[in-house]
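Numbering of residues begins at 1 and proceeds along the displayed sequence. Just so you know, these numbers come straight off a predicted model, no measurement behind them. Ligands are counted one by one from 1 in listed order, and the atoms in each one are counted from 1 as well.
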Amino acid sequence: MKNIVILISGEGSNMAAIVRAAEEGRWTERFGARVAAVLSNRPEAAGLVFAREHGIATAAMSHKDFATREAFDAALAAAIEPHAPALVVLAGFMRILTPGFVERYAGRLINIHPSLLPAFPGLNTHQRAIEAGCRVAGATVHQVTVELDHGPILDQAVVPVLADDTPATLAERVLTQEHRLYPRAIEGWLRRG
Ligand code: GAR
């Protein structure tokens, strides 16, 4: 079985879209794959409830309980390892991972970022896209490498930026597309197998 482990920090709407796509797209029957666990660095993350309701193992560990990034990442890896993941999926996981963690999961660690990379790595992507006068914005699924938001691109979705957009309205339009993009990118990864 190809186990997928998803890391979240908050709402988890991308994680929910992936879980629904796995169920509706019969990923277990077609690809021998399943979402095995959802882990969060925020115990109060709303997405954990959704995951449990779908019969998925969950765990939460607060990064605030660890003195260093290395210690937190070691605990995170210890929670991931029992699931022997074929793929580790960052879905709104708002922690920068240490090089040691990234190297451990090299080639099987992916992220979704709310911009058309390589434009606007980092935070406040929608505000920066509007301020720059971009006519299009979007989201990118990419492999995670040590350099933040810079790994090889797997897939992208594009949306228009409208004249009266605020960062919130643009974020909503992009997020709707993220929910199609991320399952599609993972299905492509599974198909290539
Ligand atoms: C998504 O828009 C995702 O692209 C973004 O956080 C949101 C999470 O939403 N990720 C990043 O900004 C990563 N740097 P969700 O928790 O509802 O999936």
Side-chain angles (χ1 to χ4, degrees), residues 4-23 35 37-54 56 58-63 69 72-73 76 87-99 101-102 105 109-132 134 136-161 165-186 189:
I4 299 169
V5 173
I6 305 180
L7 308 188
I8 66 169
S9 294
E11 201 55 43
S13 70
N14 276 293
M15 175 274 297
I18 295 163
V19 168
R20 288 201 180 96
E23 291 170 356
V35 179
V38 173
L39 310 182
S40 173
N41 66 310
R42 292 185 192 279
E44 70 282 10
L48 292 172
V49 178
F50 174 93
R52 281 195 286 270
E53 284 170 359
H54 285 253
I56 297 167
T58 64
M61 63 218 69
S62 175
H63 55 275
R69 279 189 191 278
F72 173 72
D73 283 6
L76 190 60
L87 188 64
V88 177
V89 173
L90 308 182
F93 187 69
M94 304 305 278
R95 298 288 303 166
I96 294 174
L97 295 162
T98 54
F101 184 97
V102 171
Y105 294 106
L109 180 60
I110 64 173
N111 180 46
I112 191 162
H113 181 75
S115 79
L116 294 172
L117 291 174
F120 309 123
L123 297 174
N124 302 319
T125 54
H126 305 303
Q127 187 178 339
R128 289 155 66 203
I130 290 169
E131 283 172 5
C134 294
V136 293
T140 303
V141 175
H142 65 97
Q143 286 193 39
V144 176
T145 55
V146 169
E147 197 181 352
L148 183 70
D149 299 330
H150 272 81
I153 290 169
L154 297 174
D155 206 349
Q156 290 182 305
V158 181
V159 304
V161 179
D165 262 334
T166 64
T169 59
L170 180 55
E172 194 181 329
R173 190 174 311 116
V174 171
L175 189 61
T176 301
Q177 292 309 312
E178 290 184 44
H179 297 161
R180 297 162 187 256
L181 172 68
Y182 218 171
R184 184 176 81 207
I186 295 171
W189 185 89

Q: Measuring only between side-chain heavy atoms, which start at C-beta, is N124 closer than 4.5 Å to R128?
A: yes
Q: We want to know whether R69 and T98 form a side-chain donor-acceptor pair, criterion being a heavy-atom distance below 3.5 angstrom.
A: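 No donor-acceptor contact under 3.5 Å links the two side chains.
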Q: Could you list the donor-acceptor pairs under 3.5 angstrom formed by side chains in residues 10-22, with sequence neighbours left out?
A:
{"from": "S13", "atom 1": "OG", "to": "H179", "atom 2": "NE2", "distance (Å)": "2.7"}
{"from": "N14", "atom 1": "ND2", "to": "E178", "atom 2": "OE1", "distance (Å)": "3.0"}

Q: Donor-acceptor pair, distance only, cut-off 3.5 Å: does the side chain of S40 make one with the backbone of A45?
A: no
Q: Are any non-hydrogen side-chain atoms of I186 and I110 less than 4.5 angstrom apart?
A: yes
Q: Present, as a list of atom pairs with distances to 0.1 Å, all nitrogen or oxygen contacts under 3.5 Å between ligand 1 and the protein.
A:
{"from": "ligand 1", "atom 1": "2 (O)", "to": "E178", "atom 2": "OE1", "distance (Å)": "3.2"}
{"from": "ligand 1", "atom 1": "2 (O)", "to": "E178", "atom 2": "OE2", "distance (Å)": "2.8"}
{"from": "ligand 1", "atom 1": "4 (O)", "to": "E178", "atom 2": "OE1", "distance (Å)": "2.7"}
{"from": "ligand 1", "atom 1": "4 (O)", "to": "E178", "atom 2": "OE2", "distance (Å)": "3.3"}
{"from": "ligand 1", "atom 1": "16 (O)", "to": "G12", "atom 2": "N", "distance (Å)": "2.8"}
{"from": "ligand 1", "atom 1": "17 (O)", "to": "S13", "atom 2": "N", "distance (Å)": "2.8"}
{"from": "ligand 1", "atom 1": "17 (O)", "to": "S13", "atom 2": "OG", "distance (Å)": "2.5"}
{"from": "ligand 1", "atom 1": "18 (O)", "to": "S13", "atom 2": "N", "distance (Å)": "3.3"}
{"from": "ligand 1", "atom 1": "18 (O)", "to": "N14", "atom 2": "N", "distance (Å)": "2.9"}
{"from": "ligand 1", "atom 1": "18 (O)", "to": "N14", "atom 2": "ND2", "distance (Å)": "3.0"}

Q: Specify whether F93 and F72 have parallel, tilted or perpendicular ring planes, treating 30° as the upper limit for parallel and 60° as the lower limit for perpendicular.
A: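 Judged by the thresholds at 30° and 60°, the geometry between F93 and F72 is parallel.
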